[in-house]
Amino acid sequence: MRLSTIPLMVSALLAATAAMAENPHAGHDPHADHTPMQAGEAAQGHSLFHLDAEWRTEKGESFRLDALAGRPTIITMIYGSCTTACPVLVNDARRIDRAAPEAIRERLQVVVVSFDPARDTPERMADYADDYDVDPKRWRFLHGDPADIRTLAAMLGVRYRDNGDGTFDHSNVVTLLDARGRIAERNEGLARPVEPIVQALRNLQDGRQAAGMTAW
Amino acid sequence: MRTLLIMLTLSLPPAVHAEAPGIVLIDGGDWELPIVREESTGPGRVDDFALDVRQVTNAEFVDFVRANPEWRRDRAPAIFRDTRYLSHWPRADALGEGNAAPDRPVTRVSWYAARAYCREMGGRLPTMTEWEYASERQREALGISPTDYAHQLFSWYANPGAGGLRPVAEGPASGLGIHDLHGLVLEWVEDFQLVLGRGDDIDLLTGSCGDTARFLPEFDEAHYATFLRFQSRSNYRPDTTTSTLGFRCAYNPE
């Protein structure tokens with residue numbers, strides 16, 4: 001295990017403690033996910049949808065992360081001119097997408113966010129998307145503001161550095177978000193087995209069915 | 001030393017607070033972080049930037065929280081701050097004594113909260129390179145030798161915040177006209193999550209002696225003191241809040 005995953009685990013523990021303190025029933029409920037959303041922040045406390053940023057898709061359309069609400073999402077961060085790790089990361093997301101059971105896959109969303117707003121224009125992201133031959137209805141390639149990119153990376157636990165020469169050093173992480181934008185699983189590294197995230201997707205779906213909710 | 005000093009008055013949204021601290025314009029230059037990284041490309045260019053003369057105070061931050069209640073400790077989304085966020089204040093929107101007094105630097109603020117504050121002020125957090133550049137220029141302007149710099153930092157890092165925090169900006173601004181870069185509280189920077197190599201394979205958290213040596217371009221006390229600061233930053237998470245970590249804002253010169 002990488003050391004850098006430890007803070008996230010600590011974070012999850014703290015979050016669980018905080019949620020239990022604020023909602024005395026949360027600890028008794030294995031499917032706290034489906035408790036009716038209350039005004040308090042505990043239910044959605046760790047949702048990435050709190051990031052109120054406007055992105056641009058590869059089609060040039062405005063996009064906000066909360067548009068992902070209601071369905072699970074695979075998200076990763078790359079830069080388009082990267083020829084080393086990034087194609088592997090996008091391919092890892094595609095491998096997960098292809099390995100998911102069909103009923104899940106047709107509801108699964110995949111988001112690829114660029115570190116490089118200067119070069120990865122929506123037009124260039126569109127070319128990039130074409131290269132990968134992925135379902136354009138479920139995949140989004142996002143271009144954003146540098147400060148928002150930095151925030152999203154922090155929320156995902158992705159470290160990166162702009163080397164100033166068109167290259168970026170960055171961590172390689174593929175993250176699964178649940179339907180409320182909370183991190184459900186992280187896959188750190190390149191060309192890792194897809195099964196942990198695929199299993200986490202199944203667990204999310206099972207949780208919804210056990211709660212009497214419709215599939216996504 | 002070609003650092004140019006210009007005192008500017010910051011224009012602020014009137015709702016936030018009426019009395020703005022000064023900012024100082026720092027002339028850029030070619031510079032390289034005093035730390036060895038993988039595939040270092042040599043000195044980079046630091047562009048001119050402006051920096052708050054002093055750290056953000058409790059008084060300023062409580063004004064921000066009152067104007068932006070989504071940043072109250074009882075309302076801020078948990079993803080943006082840990083459970084100790086502003087916990088030293090007696091109430092969510094009121095200050096108190098000691099480290100919660102109006103003139104003390106605000107502490108127990110997350111990176112997200114610090115960035116939100118600076119954005120509200122029309123600025124941003126300084127980058128790590130900018131902050132370290134200012135620190136080095138300040139040391140030169142004050143005529144502090146590298147050894148004295150190291151000893152002062154060791155003494156402070158050994159027990160930061162001991163006996164309660166002092167008010168910000170006591171006495172005249174020194175050197176570049178900046179207060180408290182060292183010795184009061186540590187400060188958030190925009191890119192605190194330093195990446196030293198490709199991916200996370202090389203990480204300060206691994207912290208073995210061999211790694212430490214590899215990051216030091218020179219094995220003197222000053223480089224080691226500076227390295228400790230990088231290492232402590234590397235231990236933060238963006239939602240981290242501590243009693244010895246505050247911030248000041250930077251601005252792009254117009």
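Residue numbering restarts at 1 for every chain, and letters A, B, ... go by the order of the sequence lines.
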Side chain to side chain donor-acceptor pair (under 3.5 Å) evaluation trace for B:Asp239 with B:Ser110: CA-CA 5 Å; B:Asp239 62 336; B:Ser110 66; over 6 Å; no

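Taking the six-membered ring for Trp and the full ring otherwise, the centers of B:Trp71 and B:Tyr117 sit at least 6.0 Å from each other.
Residues passing the side-chain contact (heavy atoms from CB on, under 4.5 Å) test with A:Val134 are A:Arg94, A:Tyr132, A:Trp139, A:Phe141, sequence neighbours excluded. For the salt bridge (Lys or Arg N to Asp or Glu O under 4.0 Å) test, no residue two or more places apart in sequence or in another chain qualifies with A:Glu58.
Contacts of A:Ala85 with chain B are absent, with no heavy-atom separation under 4.5 Å from either backbone or side chain. Residue A:Ala147 touches chain B through both its backbone and its side chain, counting heavy-atom pairs closer than 4.5 Å. For B:Glu70, no part lies near chain A; criterion is any non-hydrogen pair under 4.5 Å. If you measure heavy-atom distances from B:Arg124 to chain A, you find no contacts under 4.5 Å at all.
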